[in-house]
Amino acid sequence: MPELPEVETVRRGLQPFMEGATIARVEQRRPDLRFPFPENFAQRLTGRRIDSLERRAKYLIVHLDDGLGLISHLGMSGSYRIEQDEEETAPGVFHHERSRNTTHDHVVIHVESKERVKSRIIYNDPRRFGFMLFAEPGALNTHKFIQDLGIEPTGNRLDGALLAKLFENKNAPLKAALLDQTLIAGLGNIYVCEALWRAELSPLRVAGSIAGENSEPTPMAERLATSIRSVISDAIAAGGSSLKDYRQTDGELGYFQHSFSVYDREGEPCPRPACDGTVTRIVQSGRSTFFCPICQH
DNA sequence: CGATCCACCTGTCGGC
DNA sequence: TGCCGACAGGTGGATC
């Protein structure tokens with residue numbers, strides 16, 4: 001599930017428990033996720049204080065007090081949750097906590113805050129497409145998975161002119177160009193579909209066609225840049241999207257899935273006022289694309 | 001170099 | 001019920 005807004009939601013959920021806290025113990029319950037864990041994974045984390053928690057594209061980066069960076073990617077099905085020891089429950093009072101599936105809890109990080117509050121930060125990932133790696137001190141920006149990432153679609157740096165420049169001479173369809181993490185970093189299948197719908201642009205259109213003749217941004221490039229920024233910002237504000245049983249770190253569901261205009265809405269009427277199109281599903285480079293063939297050109 | 005495809009996993013859902 | 005195939009939020013790495 002996790003695209004940029006979901007990873008940002010996870011970062012915000014973990015931050016109060018991690019920043020300034022000390023790692024007391026790490027349980028690594030299997031040798032690998034998508035990749036093997038680094039040598040001495042648990043040992044190198046144990047005893048460290050956590051300086052800060054950063055997000056870059058869909059990566060979470062935990063900055064430790066010795067300069068080490070823990071790079072965490074959630075893949076398709078990774079999630080974090082927080083657990084704390086419950087208050088003493090009165091005898092005979094049945095505790096109605098939702099039973100949790102702990103089958104795929106692969107890493108448990110035991111932390112203690114400055115106020116001596118103890119928490120467990122648990123990484124769960126059924127499909128194990130996620131991974132955890134180290135960036136050695138000072139080497140984060142030259143890490144092979146980080147160094148080629150493109151511009152963040154948050155803030156206001158991504159405008160029509162920059163987008164036109166990025167897509168200039170690209171023959172790939174817009175859908176593929178928007179998913180290319182070396183151009184724009186953090187968009188995934190859902191938010192690409194949603195941004196293209198907002199911009200009234202077809203996912204099949206050649207990416208280079210939105211760049212102007214002499215690098216002048218076209219109205220299409222301006223619309224797409226605005227749409228990308230708005231859909232990402234709206235999704236972050238809603239706490240991301242919950243698909244399947246994905247939840248935020250506090251167990252709350254994100255709400256943005258209720259705001260999808262086209263994603264996973266095959267056969268429904270196009271929600272654009274005065275458009276009588278039907279949301280259609282096609283497959284592009286092996287993945288579903290949802291769009292309205294009437295209003296998206 | 002850039003552009004395309006596949007592999008990596010488990011779980012769920014719909015159809016028969 | 002049960003079985004089987006299709007599909008799911010991503011992307012590194014192989015291959016052309």
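Just so it is clear, the model here is predicted, and its values are computed rather than measured. By convention in this document, chain letters (A, B, ...) are assigned in the order of the sequence lines, proteins followed by strands, and residues within each chain are numbered from 1.
Put simply, CD on A:Glu266 is 13 Å from P on B:dG14, counting in whole angstrom units. Residue A:Asp125 contributes atom CG, which lies 11 Å from atom C1' of C:dG10 at whole-angstrom precision. Distance CG (A:Asp32) to P (C:dG12): 17 Å, rounded to an integer number of Å. Here B:dT4 presents its P atom at 10 Å from CG of A:Asp180, a figure rounded to the nearest Å. Protein atom CZ of A:Arg265 is 17 Å distant from nucleotide atom C1' of C:dA8, rounded to whole Å. Rounded to whole Å, the distance from NZ on A:Lys175 to C1' on B:dT4 is 15 Å. Whole-Å rounding puts the A:Phe167 CZ to B:dG2 P distance at 16 Å. Between A:Phe290 atom CZ and C:dC7 atom P the separation is 10 Å, expressed in whole Å.
Between A:Ser288 and A:Phe145, the residue whose closest nucleotide on DNA chain C is further toward the 5' end is A:Ser288. Residue A:Arg281 is the one, among A:Arg287 and A:Arg281, whose nearest nucleotide of DNA chain C lies closer to the 5' end (criterion: closest heavy atom).
Partner assigned to C:dT15 is B:dA3, using Watson-Crick or G-U wobble distances below 3.5 angstrom.
Of the side-chain N and O atoms in A:Lys144, none sit less than 4.0 angstrom from OP1 or OP2 of C:dG12. Contact annotation: A:Gln181 side-chain N/O to C:dG10 OP1/OP2 distance is not under 4.0 Å. In this model, the phosphate group of B:dA3 is approached by a side-chain N or O of A:Lys170 to a distance below 4.0 Å at OP1 or OP2. Using a 4.0 Å cut-off, no side-chain N or O of A:Tyr191 falls inside it from OP1 or OP2 of C:dG10. Close to B:dG11, at under 4.0 Å from its OP1 or OP2, lies a side-chain N or O of A:His104.
Across every non-hydrogen atom of A:Asp51 and A:Asp65, the tightest pair is OD2-CA, 3.4 Å.
The P atoms of C:dC3 and B:dC9 are separated by 25 Å, rounded to the nearest whole Å. When the P atom is used for both C:dA6 and B:dC6, the distance is 15 Å, rounded to whole Å.
Annotation: cation-pi geometry satisfied between A:Arg44 and A:Phe134 (NZ/CZ under 6.0 angstrom from ring centroid, within 45° of ring axis).
Using a 4.0 Å cut-off between charged nitrogen and carboxylate oxygen, A:Glu83 and A:Arg81 count as a salt-bridge pair. Between A:Asp85 and A:Lys118, no side-chain nitrogen of the basic residue sits less than 4.0 Å from a carboxylate oxygen of the acidic one, so the salt-bridge criterion is not met. In summary, A:Arg56 and A:Glu54 do not engage in a salt bridge, as defined by a charged side-chain N under 4.0 Å from a carboxylate O. Between A:Arg198 and A:Glu194 no salt bridge is recorded (no basic side-chain N to carboxylate O distance below 4.0 Å).
Here B:dC9 is the nucleotide among B:dC9, B:dG11, C:dA8 with the atom lying nearest to any side-chain atom of A:Phe129. Checking B:dT4, C:dG12, B:dC9 against the side-chain heavy atoms of A:Arg127 singles out B:dC9 as nearest.
Among the protein residues, A:Ser285 comes within range of no part of the nucleic acid, since none of its heavy atoms lies under 4.0 Å from any strand. Residue-level contact check: A:Arg128 touches the backbone only, with heavy atoms under 4.0 Å from sugar-phosphate atoms and none from bases. Among the atoms of the strands shown, none is found under 4.0 Å from any heavy atom of A:Phe131.
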